[in-house]
Number of protein chains: 4
Amino acid sequence: MSSIRLGIVGLGRLGKIHAMNIAKHIPGATLTAACSIVEEELEFATNKLGVEETYLTYEEMVNSPNLDAVCIVSPSGFHTEQIRLAMEKGLHVFCEKPIGLEIADIEKTIEIIESHPDQVFQLGFMRRYDESYQYAKEMVDSGELGELTVIRCYGIDPSSGLESFVKFAGASNSGGLFADMSIHDIDLVRWFSNKEVKRVWAIGKNAAYPELDEVNELETGAAMMQLEDKTIAILVAGRNAVHGYHVETELIGTKGMLRIAAVPEKNLVSVFNEHGVVRPTSQHFPERFQEAFMNEMKEFISCIKEKRQPEVSAFDGLQGTKVAIALQQSIDTNQIVELHNQEVSYGF
Amino acid sequence: MSSIRLGIVGLGRLGKIHAMNIAKHIPGATLTAACSIVEEELEFATNKLGVEETYLTYEEMVNSPNLDAVCIVSPSGFHTEQIRLAMEKGLHVFCEKPIGLEIADIEKTIEIIESHPDQVFQLGFMRRYDESYQYAKEMVDSGELGELTVIRCYGIDPSSGLESFVKFAGASNSGGLFADMSIHDIDLVRWFSNKEVKRVWAIGKNAAYPELDEVNELETGAAMMQLEDKTIAILVAGRNAVHGYHVETELIGTKGMLRIAAVPEKNLVSVFNEHGVVRPTSQHFPERFQEAFMNEMKEFISCIKEKRQPEVSAFDGLQGTKVAIALQQSIDTNQIVELHNQEVSYGF
Amino acid sequence: MSSIRLGIVGLGRLGKIHAMNIAKHIPGATLTAACSIVEEELEFATNKLGVEETYLTYEEMVNSPNLDAVCIVSPSGFHTEQIRLAMEKGLHVFCEKPIGLEIADIEKTIEIIESHPDQVFQLGFMRRYDESYQYAKEMVDSGELGELTVIRCYGIDPSSGLESFVKFAGASNSGGLFADMSIHDIDLVRWFSNKEVKRVWAIGKNAAYPELDEVNELETGAAMMQLEDKTIAILVAGRNAVHGYHVETELIGTKGMLRIAAVPEKNLVSVFNEHGVVRPTSQHFPERFQEAFMNEMKEFISCIKEKRQPEVSAFDGLQGTKVAIALQQSIDTNQIVELHNQEVSYGF
Amino acid sequence: MSSIRLGIVGLGRLGKIHAMNIAKHIPGATLTAACSIVEEELEFATNKLGVEETYLTYEEMVNSPNLDAVCIVSPSGFHTEQIRLAMEKGLHVFCEKPIGLEIADIEKTIEIIESHPDQVFQLGFMRRYDESYQYAKEMVDSGELGELTVIRCYGIDPSSGLESFVKFAGASNSGGLFADMSIHDIDLVRWFSNKEVKRVWAIGKNAAYPELDEVNELETGAAMMQLEDKTIAILVAGRNAVHGYHVETELIGTKGMLRIAAVPEKNLVSVFNEHGVVRPTSQHFPERFQEAFMNEMKEFISCIKEKRQPEVSAFDGLQGTKVAIALQQSIDTNQIVELHNQEVSYGF
């Protein structure tokens with residue numbers, strides 16, 4: 001079978017990761033086109049990645065006759081429209097999280113996706129493709145942990161980025177701490193439990209930079225979520241992990257518990273020095289999830305070749321966004337927010 | 001100075017620990033009297049610990065002219081009255097947690113305690129005297145972690161005791177999961193943060209023994225608590241830790257975080273066998289907090305000798321019980337419960 | 001630049017790993033030819049890896065006009081001759097360890113390699129390309145550990161393979177425990193210290209299968225080695241690690257120490273179950289060194305493209321084999337064996 | 001039974017630990033007398049520990065009619081004579097390691113000890129009374145590790161003391177690195193294996209302070225030892241552990257392996273800070289072996305009361321010293337030294 005030809009939109013930090021993976025590391029895939037409004041990014045694509053077609057607008061790119069699929073890594077606000085456009089052009093779509101920012105808009109997009117069942121759609125919940133998460137998932141599914149009672153997810157960005165976040169927090173809208181940081185954790189909760197979130201309470205605190213209160217942003221937040229079967233989910237999201245990039249997940253079941261990356265180990269080295277015994281830690285998401293980004297793209301390509309849909313669906317994106325919105329509402333009101341999951345009727 | 005003479009009431013599992021410590025391991029203390037309604041326990045005290053006076057009623061024991069202090073390890077419902085009686089007899093009092101079960105009753109007891117300022121009163125929050133907790137407290141107080149934003153406390157009993165708990169859950173009243181299991185964690189939250197709890201939401205799930213629902217008990221529960229300065233506290237309480245006795249505390253601050261007993265290590269041994277690399281774990285509280293129980297009793301004796309009050313006050317007991325009651329209310333209603341901390345005016 | 005075309009000889013367990021990496025994971029490389037005397041292996045190469053040319057003899061393969069390089073993964077006894085043949089045909093050579101079994105033969109081969117300075121020669125000491133080892137090497141070279149005083153290397157195969165080893169130990173010759181298992185560790189000692197080995201003493205013990213004594217094989221052995229600058233090296237080699245594949249390296253320096261894979265962690269998961277807190281472990285070398293095998297091959301391809309020699313030279317292979325031979329002599333005599341490193345005059 | 005009355009000789013760093021334990025922490029023991037040539041030490045004993053009798057000479061102390069036993073913590077060169085004197089006076093003897101410095105002298109002392117079988121003699125190999133070591137010993141004895149093949153012992157002092165050691169190394173004689181540091185490790189090897197040491201090779205390196213070469217002292221050394229049943233023992237001894245006090249023991253058996261204090265954890269706290277994830281470490285032997293020192297003294301008192309001999313015998317001391325002497329000979333000659341264990345005929 002010939003190589004799958006992809007066009008990518010968005011060549012920022014994460015876009016570059018996907019572009020490099022497609023161009024260099026994914027057997028059976030070719031990065032044929034790139035779209036960006038930043039000239040340097042297109043030059044990078046041409047010169048470093050051997051991309052043949054570059055575009056300043058997404059509409060032009062999806063009209064290229066040389067593409068089988070698109071990889072959407074543009075700002076979140078563009079996702080739904082770009083998904084719909086690609087679907088209607090007959091292209092397979094890989095889209096970074098979140099699928100969208102507004103429920104109605106996502107629902108409309110899902111309708112379009114559903115009406116093209118022969119085209120692959122995959123959402124970028126790459127953690128599901130991390131080998132440690134997969135190992136944990138297999139343990140859960142095989143019953144080794146018994147029935148889950150508590151799922152705890154930490155997603156804390158390194159403090160190295162906090163100062164700059166504070167500086168620009170007023171100007172740009174992150175969507176709020178939970179939408180920005182916890183969308184992957186919400187997906188993990190749903191993935192591990194196979195249950196929907198029912199009630200949430202979220203709170204936060206600004207200690208390092210109290211001025212974040214003024215722009216309605218948070219240094220650190222936490223949420224407790226009750227799932228439909230009473231399973232307990234706990235989220236901690238933050239922007240101030242001094243030791244690096246702290247993404248940790250814990251599963252407590254009736255027969256045992258496990259933790260993924262309780263120590264976010266950078267590698268297999270332990271250093272014994274004047275501080276004690278030190279495990280160096282992962283410093284950012286490209287380092288921690290390098291393999292997972294590659295694995296999810298391999299899965300996307302495999303799905304196209306094998307004419308099947310991936311595990312991560314658009315509905316997962318919809319549900320994740322709903323919970324993120326509920327968490328933000330809870331932060332805003334300091335009250336419990338209840339989710340009405342009638343959308344299950346979509347029948348995915 | 002001559003040895004401090006103590007009488008103990010209650011010689012159950014924890015009572016025996018205190019009795020043995022006083023009789024054998026605490027320099028400057030003598031276990032002079034013991035009170036129990038169980039004949040075998042009194043024989044144990046006489047024969048194994050060399051106790052000279054044994055009593056079937058507490059009233060008789062506190063009337064002995066040979067006592068300087070009492071150690072109360074009776075069932076929780078008796079604590080307040082026994083405290084008051086000892087105080088009025090001029091005795092120093094060490095009392096196990098909780099100080100009491102009803103707010104008004106505790107408040108009345110605190111008045112009595114306050115009216116005897118020359119007598120030492122100490123509550124059995126022994127974790128404050130565990131060396132790992134003290135190490136952590138020093139780091140917090142010295143500012144090494146910056147300002148705290150999140151405190152997470154796990155208190156999960158070993159599953160070895162769960163079956164028997166289920167069997168007797170209908171007959172005896174544990175006070176509810178949080179009152180039973182989290183009272184120490186609530187104290188830790190207040191101790192590390194120096195703040196009071198303001199709002200709480202607590203939920204739970206019975207998975208291993210759904211029949212616990214019928215007797216209003218929980219296998220596993222979690223609570224999120226907002227402190228008066230917005231610091232976030234997360235509690236997980238449970239009765240089903242397959243690996244042993246899991247008491248873990250995490251402190252997240254603006255300059256770093258720490259965990260106490262993230263792996264509840266039994267000792268310094270790592271075993272490399274067919275399961276992987278295994279750290280054996282503590283199996284129950286007497287094993288985990290052996291030193292802390294001794295340290296708190298040494299502190300009680302020192303306070304008597306040095307005519308000062310210990311760090312753990314009756315007010316700490318009052319506040320802990322208030323939060324535990326609020327958590328139970330939240331479990332019962334599945335709603336946020338707000339605490340009104342006007343009692344700060346007690347001025348302790 | 002066009003893709004580098006490789007032919008591989010040997011498609012056993014390790015041969016397959018290299019073949020798959022070259023065929024699917026190394027940008028800029030193509031697996032053009034494969035040579036094996038096993039028909040199924042050639043079919044695998046053709047059908048699964050898209051290899052165009054298959055050969056039953058190495059001589060035929062190196063005569064193909066379509067090759068730029070060879071990858072030698074044949075039995076150790078064939079290495080030197082195959083290296084020489086490829087070199088003389090103008091091909092770049094990647095050869096698995098050991099470079100050879102006899103000193104004179106290796107020296108002759110090195111002469112041939114040296115007489116073709118424009119052809120890349122790389123030996124398969126892949127651990128140097130493992131990211132944990134590279135992290136450690138950078139710490140050593142930057143002086144963070146001070147001057148090294150002790151290097152300890154463990155290389156212990158999983159016990160899952162021991163029974164079958166015992167069964168066939170009489171029939172096939174492993175070359176001895178140290179030649180078979182420690183050749184990578186010897187290279188690590190030389191790599192980290194930049195020093196040669198001077199004196200060695202090696203001993204061993206058969207406990208699980210005493211019958212190994214009869215065929216002069218060892219379950220477990222250890223060696224102490226004095227380097228030319230008095231740095232101490234300790235090797236433990238074995239075939240009976242119940243917990244999996246235990247390759248661990250320790251560096252003790254005047255300013256600190258470090259350990260690589262002290263716990264041979266399989267992934268980032270910790271499991272809390274009835275055994276305690278368990279870290280699952282790597283089970284075999286393909287799992288542990290998956291990335292390193294890929295990285296070394298990438299480096300080989302880069303060296304060809306960039307017309308430079310890799311860090312791992314034929315001389316490293318010679319020195320490693322010399323030490324392995326000395327260790328075996330020491331095992332045989334239970335005496336210290338001294339190495340005379342006059343070969344340094346090769347001037348690599 | 002009345003309290004056992006002890007006299008202590010030597011009130012240096014370790015002497016003070018024993019004195020405080022006896023005076024304050026060991027039920028059933030009383031520190032009645034103290035002997036030292038340092039006036040301040042005797043004042044300390046009187047004022048802080050309530051010792052009733054103080055002596056400037058050991059001879060006077062053992063003539064006191066008020067003693068049941070002595071605790072010898074004097075410089076090593078005095079041990080044998082002080083043991084003999086106490087034995088002849090009818091006193092039980094606890095003696096710090098080493099039992100003596102010269103074989104003939106120790107043998108003579110053992111004869112004296114043997115001729116007083118009703119008096120307890122215990123040597124201060126306190127590691128055997130550490131709970132982690134006891135846990136490991138039980139695993140070995142129960143067969144959980146199968147048959148032992150390798151025992152690795154590290155004993156490395158914190159570098160905080162190295163500079164001062166270097167300063168005074170010329171003036172005072174440490175007895176050599178292995179006699180000074182490895183005597184406990186040698187005992188552990190014998191204890192775990194129940195075998196004697198047969199052949200040893202020891203080497204060392206001075207890197208931080210090359211001037212130590214001039215006074216025949218070592219910063220770091222290592223030894224490999226072959227036991228009578230071919231079990232392999234590896235020792236690393238040093239004076240320059242930057243992270244603290246590193247005493248680690250590893251046991252490799254046919255069914256599994258274990259490590260004691262592979263990370264010399266100070267407590268149960270993990271700190272997540274700018275260095276990574278840090279385990280604080282034990283800083284010196286009084287911190288690491290605080291409990292073990294108490295446990296061994298409790299055992300000594302119990303042996304006296306229960307009229308039995310402790311597990312650690314004078315013969316253990318003799319054998320340990322023999323191995324230490326052999327290791328020093330090996331260091332001096334850079335050759336293998338063979339031990340002739342005919343002394344087994346002592347029949348202990």
Side-chain angles (χ1 to χ4, degrees), chain C residues 144-152 154 156 159 162 198-210 213 218-227 229-238 240-243 246 248 250 252-259 262-263 330 333-336 338, chain D residues 144-152 154 156 159 162 198-210 213 218-227 229-238 240-243 246 248 250 252-259 262-263 330 333-336 338:
Chain C
E144 280 186 69
L145 300 185
E147 184 177 341
L148 296 182
T149 55
V150 178
I151 302 173
R152 174 173 62 85
Y154 277 25
I156 315 180
S159 47
L162 181 54
K198 211 171 142 199
R199 288 162 66 82
V200 306
W201 183 37
I203 52 179
K205 179 178 179 185
N206 288 322
Y209 293 91
D213 283 332
L218 285 170
E219 175 197 340
T220 304
M224 192 161 72
M225 313 201 296
Q226 190 175 38
L227 307 196
D229 70 339
K230 292 201 172 170
T231 299
I232 300 156
I234 295 165
L235 305 181
V236 171
N240 194 11
V242 176
H243 59 288
H246 193 103
E248 172 185 359
E250 179 183 40
I252 304 183
T254 53
K255 294 189 183 164
M257 52 192 259
L258 66 75
R259 289 183 182 174
V263 172
S330 180
T333 60
N334 202 351
Q335 296 297 337
I336 290 170
E338 187 137 359
Chain D
E144 279 187 68
L145 299 184
E147 184 178 341
L148 295 183
T149 54
V150 178
I151 301 172
R152 173 173 63 84
Y154 277 24
I156 315 179
S159 47
L162 182 54
K198 211 171 140 199
R199 288 162 66 80
V200 307
W201 183 37
I203 52 179
K205 180 178 178 182
N206 288 322
Y209 293 92
D213 282 332
L218 285 171
E219 173 196 341
T220 304
M224 193 161 72
M225 314 202 296
Q226 190 174 37
L227 307 196
D229 70 338
K230 292 201 171 170
T231 300
I232 300 156
I234 296 165
L235 306 181
V236 171
N240 194 12
V242 176
H243 58 288
H246 193 103
E248 173 186 0
E250 177 182 40
I252 304 183
T254 53
K255 293 189 184 165
M257 50 192 260
L258 66 74
R259 290 182 181 175
V263 171
S330 181
T333 60
N334 203 351
Q335 295 297 337
I336 291 170
E338 187 137 358

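All chains are named by letter (A, B, ...) in the order of the sequence lines, taking the proteins before the strands, and each is independently numbered beginning at 1.
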Using non-hydrogen atoms and a 4.5 Å limit, figure out which bit of C:Asp229 sits close to chain D: side chain, backbone, both or neither. both

Report which part of D:Arg199 has an atom under 4.5 Å of a heavy atom belonging to chain C: side chain, backbone, both, or neither. both

C:Arg152 vs D:Glu248, salt bridge (charged side-chain N to carboxylate O under 4.0 Å, His left out): CA-CA, chis, key distance, verdict: CA-CA 14 Å; C:Arg152 174 173 62 85; D:Glu248 173 186 0; 5.1 Å; no

If one checks every heavy atom of D:Leu162 against chain C at 4.5 Å, the contacting part turns out to be neither

I'd like to know whether C:Trp201 forms a side chain to side chain contact (heavy atoms under 4.5 Å, CB included) with D:Val200, so could you lay out the CA-CA distance, the side-chain angles of the two residues, the decisive distance to 0.1 Å, and finally the verdict. CA-CA 10 Å; C:Trp201 183 37; D:Val200 307; 5.6 Å; no

By a 4.5 Å heavy-atom criterion (distance strictly below it), what part of D:Met224 contacts chain C: side chain, backbone, both, or neither? both

Pairing donors with acceptors under 3.5 angstrom, does anything connect the side chains of D:Lys205 and C:Thr231? yes

Where on D:Asn334 is there a heavy atom nearer than 4.5 Å to chain C: the side chain, the backbone, both, or neither? both

Rounding to 0.5 Å, atoms OG1 (D:Thr149) and CG (C:Asn206) come to a distance of 10.0 Å

Considering only heavy atoms, which portion of D:Ala233 lies under 4.5 Å from any heavy atom of chain C: side chain, backbone, both, or neither? neither

Rounded to the nearest 0.5 Å, how far does OG1 of D:Thr220 lie from NZ of C:Lys230? 13.0 Å

D:Gln335 versus chain C, the contacting section by heavy-atom distance below 4.5 Å: both

Honestly, the part of C:Ala241 sitting under 4.5 Å from a heavy atom of chain D is neither

How far does CD1 of D:Ile232 sit from CD1 of C:Ile203, to the nearest 0.5 angstrom? 5.0 Å

Toward chain D, the part of C:Ile234 with a non-hydrogen atom under 4.5 Å: side chain

Do D:Val242 and C:Met257 come close enough that some side-chain heavy atom pair is under 4.5 Å? no

Report which part of D:Val236 has an atom under 4.5 Å of a heavy atom belonging to chain C: side chain, backbone, both, or neither. side chain

Most contact-rich option vs chain D, by heavy-atom pairs under 4.5 angstrom, among C:Ile336, C:Asn240, C:Val263, is C:Ile336

Sort D:Glu338 into side chain, backbone, both or neither according to what part of it lies under 4.5 angstrom from a heavy atom of chain C. neither

Below 4.5 Å, heavy-atom pairs only: which of D:Ala208, D:Gly253, D:Ala207, D:Gly221 has the largest tally toward chain C? D:Ala207

